[in-house]
Asks: 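Structure below; questions to follow.
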2 protein chains.
Amino acid sequence: MLLSTKGDYGVRAMIDLAKHEGEGPVQRAEIARRRQIPESYLDHLLAQLRRAGFVRSVRGPGGGHLLAKPAEDICLLHLLEALEGSLAPLQCLDGAETGAEAICGQEWVWQEIYDNMRNKLSSVSLAALVDHEREHERSVTINYSI
Amino acid sequence: MLLSTKGDYGVRAMIDLAKHEGEGPVQRAEIARRRQIPESYLDHLLAQLRRAGFVRSVRGPGGGHLLAKPAEDICLLHLLEALEGSLAPLQCLDGAETGAEAICGQEWVWQEIYDNMRNKLSSVSLAALVDHEREHERSVTINYSI
DNA sequence: GCTATTCACGACCAATCTGGTAGACATTGT
DNA sequence: ACAATGTCTACCAGATTGGTCGTGAATAGC
């Protein structure tokens with residue numbers, strides 16, 4: 001599995017923040033409830049997202065979390081890389097050349113797949129994910145907003 | 001990382017077997033030496049490949065391992081799935097529907113990436129990997145045959 | 001200044017996977 | 001018989017995942 005629930009949870013949380021953009025800070029407990037993420041685990045993910053510059057937070061009553069930049073300027077690739085580390089399918093495509101590339105014998109196959117993946121993920125912004133979710137809500141009964 | 005060294009090692013071993021197709025059984029120790037794989041670990045991988053029907057083996061002196069079917073009939077997708085399990089980037093694309101799909105919100109992005117990956121991996125046979133390696137050997141000094 | 005609310009951070013933990021070692025055992029060619 | 005070879009099971013250390021918990025720090029409202 002390329003993505004663990006860490007990446008999944010992190011993206012869900014970011015979608016939640018993006019969806020409430022402009023409504024003031026969103027509390028961790030609210031995100032956890034709406035997106036079905038264990039709150040204490042979400043704590044770690046938000047810390048990671050904050051350190052990576054995607055989220056800023058406000059302490060104290062009425063505090064919570066906010067996007068650190070517009071949802072249009074955050075793409076899925078950068079978000080997932082911040083949460084999961086490199087998405088390279090193979091060690092030898094990792095960028096950090098380890099010297100093991102010559103033996104592998106498959107890297108020419110995977111390079112193309114990796115490029116395709118990165119292109120696709122770069123082209124999808126957080127805003128697009130929110131749009132997609134809103135689109136989906138109109139045809140399905142279940143939704144995650146209050 | 002989608003692939004661990006398990007998949008990498010396993011494919012390397014299969015390339016080695018394919019390269020010596022028609023020359024009788026290839027011994028584990030030989031594969032391990034040529035492909036730089038710890039022999040006792042290779043043991044496990046060969047067992048896995050045998051159980052998956054890609055390899056058959058012969059005991060006793062002069063014994064060793066052979067491809068169970070022609071290198072043209074083995075594609076990288078099936079090989080890697082046998083070694084690594086599902087290559088689905090996300091749980092919700094795994095085939096074994098777990099009921100968590102509705103929340104994820106990214107599956108529409110990943111489905112396309114996954115399809116592309118599977119198509120590419122299906123189109124590459126073990127024979128093609130060997131061809132590619134032979135091609136490469138002509139331009140590089142290092143090679144792994146005796 | 002007190003208090004309630006909220007985030008920040010680090011310690012800890014269990015389960016799983018990866019990568020690997022070791023040894024006993026089965027098979028078979030000579 | 002014996003040496004070469006594969007088969008199988010048990011075991012192990014380290015990393016990662018997916019958490020929990022408790023303490024502490026900031027701050028809004030009173």
Side-chain angles (χ1 to χ4, degrees), chain A residues 1-13 16-17 20 24-33 35-68 80 83-87 89-91 98 100, chain B residues 1-13 16-17 24-33 35-52 54-68 80 83-87 89-91 98 100:
Chain A
M1 209 68 58
L2 184 57
L3 298 191
S4 58
T5 65
K6 185 193 280 188
D8 183 8
Y9 284 170
V11 171
R12 283 195 220 170
D16 202 81
L17 289 185
H20 296 81
V26 181
Q27 287 137 34
R28 197 173 58 190
E30 282 297 287
I31 303 173
R33 187 179 55 75
R35 302 291 162 165
Q36 301 179 33
I37 305 170
E39 188 179 342
S40 39
Y41 189 42
L42 180 57
D43 188 6
H44 293 321
L45 302 181
L46 285 171
Q48 211 168 329
L49 289 166
R50 185 168 34 76
R51 282 190 294 264
F54 293 110
V55 164
R56 67 190 175 83
S57 45
V58 183
R59 291 188 190 198
H65 300 268
L66 300 147
L67 292 186
L80 287 173
L83 288 161
E84 300 265 6
S86 166
L87 299 181
L90 279 174
Q91 192 93 45
T98 55
Chain B
M1 209 68 59
L2 184 55
L3 298 192
S4 58
T5 66
K6 184 193 281 188
D8 185 7
Y9 284 169
V11 171
R12 284 195 220 170
D16 202 81
L17 289 185
V26 182
Q27 286 136 35
R28 197 174 59 190
E30 282 298 287
I31 303 173
R33 186 179 56 75
R35 302 291 163 164
Q36 302 179 30
I37 304 170
E39 189 180 342
S40 39
Y41 190 41
L42 180 57
D43 188 7
H44 293 323
L45 303 181
L46 285 172
Q48 210 168 330
L49 289 166
R50 185 166 34 76
R51 282 190 291 266
F54 292 111
V55 165
R56 67 190 174 86
S57 45
V58 182
R59 290 189 190 198
H65 301 268
L66 300 147
L67 292 187
L80 287 172
L83 288 160
E84 300 266 5
S86 166
L87 300 181
L90 279 174
Q91 191 93 45
T98 53

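As the structure is a prediction and not an experimental result, all values here were calculated from the model.
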Asks: What is the minimum heavy-atom distance between A/Val26 and A/Glu30, and which atoms define it?
Replies: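 Looking at all heavy atoms of both residues, the closest pair is CG1-CB, 4.4 Å.
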
Asks: Can you list everything that forms a side chain to side chain donor-acceptor pair (under 3.5 Å) with A/Ser40? Sequence neighbours excluded, please.
Replies: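 Result, side chain to side chain donor-acceptor pair (under 3.5 Å) vs A/Ser40: none returned.
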
Asks: For residues 54-64 of chain B, dump all side-chain donor-acceptor pairs below 3.5 Å to protein atoms at least two apart in sequence or in another chain.
Replies:
none

Asks: With a 4.0 angstrom cut-off to heavy atoms of chain A, pull out the first and last contacting nucleotide of DNA chain C, in 5'-to-3' order.
Replies: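 Both ends considered, the range comes out as C/dA4 to C/dA11.
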
Asks: Nearest heavy atom decides the nucleotide; on that basis, is A/Gly60 or A/Ser4 closer to the 5' end of DNA chain D?
Replies: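 Looking at the nearest nucleotide for each, A/Ser4 comes out on the 5' side.
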
Asks: Can you name the residues that form a side-chain contact (heavy atoms from CB on, under 4.5 Å) with B/Gln48, not counting sequence neighbours?
Replies: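 Testing B/Gln48 for side-chain contact (heavy atoms from CB on, under 4.5 Å), a comparison that skips the adjacent residues, returns B/Lys6, B/Leu45.
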
Asks: Using modelled atom types and a 3.5 Å cut-off, is there a donor and acceptor pairing between side-chain atoms of B/Glu84 and backbone atoms of B/Ser4?
Replies: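 Yes; judged by distance alone, with no hydrogens or angles, the pair exists.
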
Asks: Taking any atom closer than 4.0 angstrom to a non-hydrogen atom of chain A, what span of DNA chain D does the protein reach, first nucleotide to last?
Replies: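 That gives a stretch of D/dT17 to D/dA28.
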
Asks: For DNA chain D, whose closest nucleotide is more 5', that of B/Arg28 or that of A/Thr5?
Replies: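 Closest to the 5' end, via its nearest nucleotide, is B/Arg28.
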
Asks: Which pair of heavy atoms, one from A/Leu80 and one from A/Leu87, lies closest together, and at what distance?
Replies: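 Scanning both residues completely, I find the closest heavy atoms to be CB-CD1, 4.1 Å.
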
Asks: When you look at A/Asp16 and A/His20, which way does the side-chain contact (heavy atoms from CB on, under 4.5 Å) test go after all the steps?
Replies: CA-CA 7 Å; A/Asp16 202 81; A/His20 296 81; 3.9 Å; yes

Asks: Could you check A/Ile37 against A/Thr5 for side-chain contact (heavy atoms from CB on, under 4.5 Å), going step by step and ending with a plain yes or no?
Replies: CA-CA 10 Å; A/Ile37 305 170; A/Thr5 65; over 6 Å; no

Asks: Of the non-hydrogen atoms in B/Gln36 and B/Arg12, which two are nearest, and what is the gap between them?
Replies: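 Closest heavy-atom pair between B/Gln36 and B/Arg12: O-NH1, 3.8 Å.
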
Asks: Please work out if A/Ser57 contacts a base, only the sugar-phosphate, or nothing of the nucleic acid, heavy-atom cut-off 4.0 Å.
Replies: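 Result for A/Ser57 = sugar-phosphate.
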
Asks: Which of residues 43-51 of chain B have a heavy atom under 4.0 Å from DNA chain D?
Replies: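 Residues of residues 43-51 of chain B under 4.0 Å from DNA chain D: B/Asp43, B/His44, B/Arg50.
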
Asks: Using a heavy-atom cut-off of under 4.0 Å over every strand shown, decide if B/Ser40 touches base, sugar-phosphate, or nothing.
Replies: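 Here B/Ser40 touches the bases of the nucleic acid.
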
Asks: Hey, does A/Asp8 have a side-chain heavy atom less than 4.5 Å from the side chain of A/Leu83?
Replies: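 Counting from C-beta outward, A/Leu83 and A/Asp8 never come under 4.5 Å.
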
Asks: Where each residue is assigned the nucleotide of DNA chain C containing its nearest heavy atom, which of A/Val58 and B/Gly7 is assigned the position nearer the 5′ end?
Replies: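 Final value for this comparison: A/Val58.
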
Asks: Could you report the tightest heavy-atom contact between A/Leu42 and A/Arg28, atom names first, then the distance?
Replies: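 Heavy-atom minimum between the residues: CD2-O, 3.5 Å.
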
